[in-house]
Amino acid sequence: GGDELITRLEQRYYVLPGTRRTYLEVPLVLVVPDALVEAPTSFETLESSTLRIAVADPERTQTGKATQGLLQSLGLLEPLKDRMDVASDARGVLDHVLSGRADAGIIFGSDAVKEQRRVRVTAVAPKKGYRPVAHSMAMERYCPNRTLCQEFLTFIQTPAAKGVLKRLGFETPEAGE
């Protein structure tokens, strides 16, 4: 995930200069079982709670690496380390939360949307010290239909397109980011 591919294509001059558009960001979210009554309302409140938190393995997954970076930037990695339940991946985090092995979990927003009938998002990771995974698109240098490509690049940044992305668990970058 992320912008690595577009960056490599730009470096090899496959992308038409000036057409790169960051169209979505994948935020980390805090999820709890839908039935949990007293749920944390922010990542910061996890420190003062006694909840067990499921996280993805930072050695093997992008979700785990991003979670570790977020918790470190918030100063929560050490205080929570004894209460973290490490799962193999994002699906495992959801399984741990839904089976009761953990009270809350940290996953990407798009993964939470897939289980929105059984879990609820109680917090979205703050951008302070943490940057969500960004995804961009750009026009190919030798695009056969530049007008159509430009129309799509423009469309992906409209309120209608941003609404669809939001419903799918993504965020859209602010202008100038």
Report yes if the side chains of [X] and [Y] come closer than 4.5 Å at any heavy-atom pair, otherwise no.
| X | Y | answer |
| --- | --- | --- |
| M139 | F152 | no |
| P27 | K127 | no |
| E44 | L74 | yes |
| E151 | L148 | yes |
| D85 | V55 | no |

Find the distance between [atom1] ([X]) and [atom2] ([Y]) and round it off to the nearest 0.5 Å.
| X | Y | atom1 | atom2 | result |
| --- | --- | --- | --- | --- |
| T63 | I107 | OG1 | CD1 | 8.0 Å |
| K114 | L168 | NZ | CG | 10.0 Å |
| F170 | L24 | CZ | CG | 5.5 Å |
| F43 | L28 | CZ | CG | 6.0 Å |
| L76 | M84 | CG | CE | 9.0 Å |
| R146 | L153 | CZ | CG | 12.0 Å |

(Q) For R141, give me all partners under side chain to side chain donor-acceptor pair (under 3.5 Å), at least two apart in sequence or on another chain. (A)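 Not a single residue meets the side chain to side chain donor-acceptor pair (under 3.5 Å) criterion with R141.
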
Q. Do the side-chain N and O atoms of S136 and T22 include a donor-acceptor pair separated by under 3.5 angstrom?
A. yes

In terms of hydrophobic clustering (I, L, V, M, F, W, Y; side-chain heavy atoms under 4.5 Å; direct or indirect links), are [X] and [Y] co-clustered?
| X | Y | answer |
| --- | --- | --- |
| V29 | L94 | yes |
| V26 | M137 | yes |
| V119 | L51 | no |
| L36 | L98 | no |
| V133 | L70 | yes |

Q: Walk me through it: do L30 and V121 pass the test side chain to side chain contact (heavy atoms under 4.5 Å, CB included)?
A: CA-CA 6 Å; L30 184 62; V121 173; over 6 Å; no

Q) What residue pairs, at least two apart or across chains, pass salt bridge (Lys or Arg N to Asp or Glu O under 4.0 Å) with a residue in residues 5-19? A)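 Sorted result for residues 5-19: E10-R20.
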
Q | Contact list for residues 51-68, test salt bridge (Lys or Arg N to Asp or Glu O under 4.0 Å), sequence neighbours left out | A |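 Every pair satisfying salt bridge (Lys or Arg N to Asp or Glu O under 4.0 Å) with a residue in residues 51-68: R52-D103, D57-R60.
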
(Q) So that I can tick it off, tell me whether E115 and R91 are bridged by a salt bridge, with the cut-off set at under 4.0 angstrom between side-chain N and carboxylate O. (A) yes

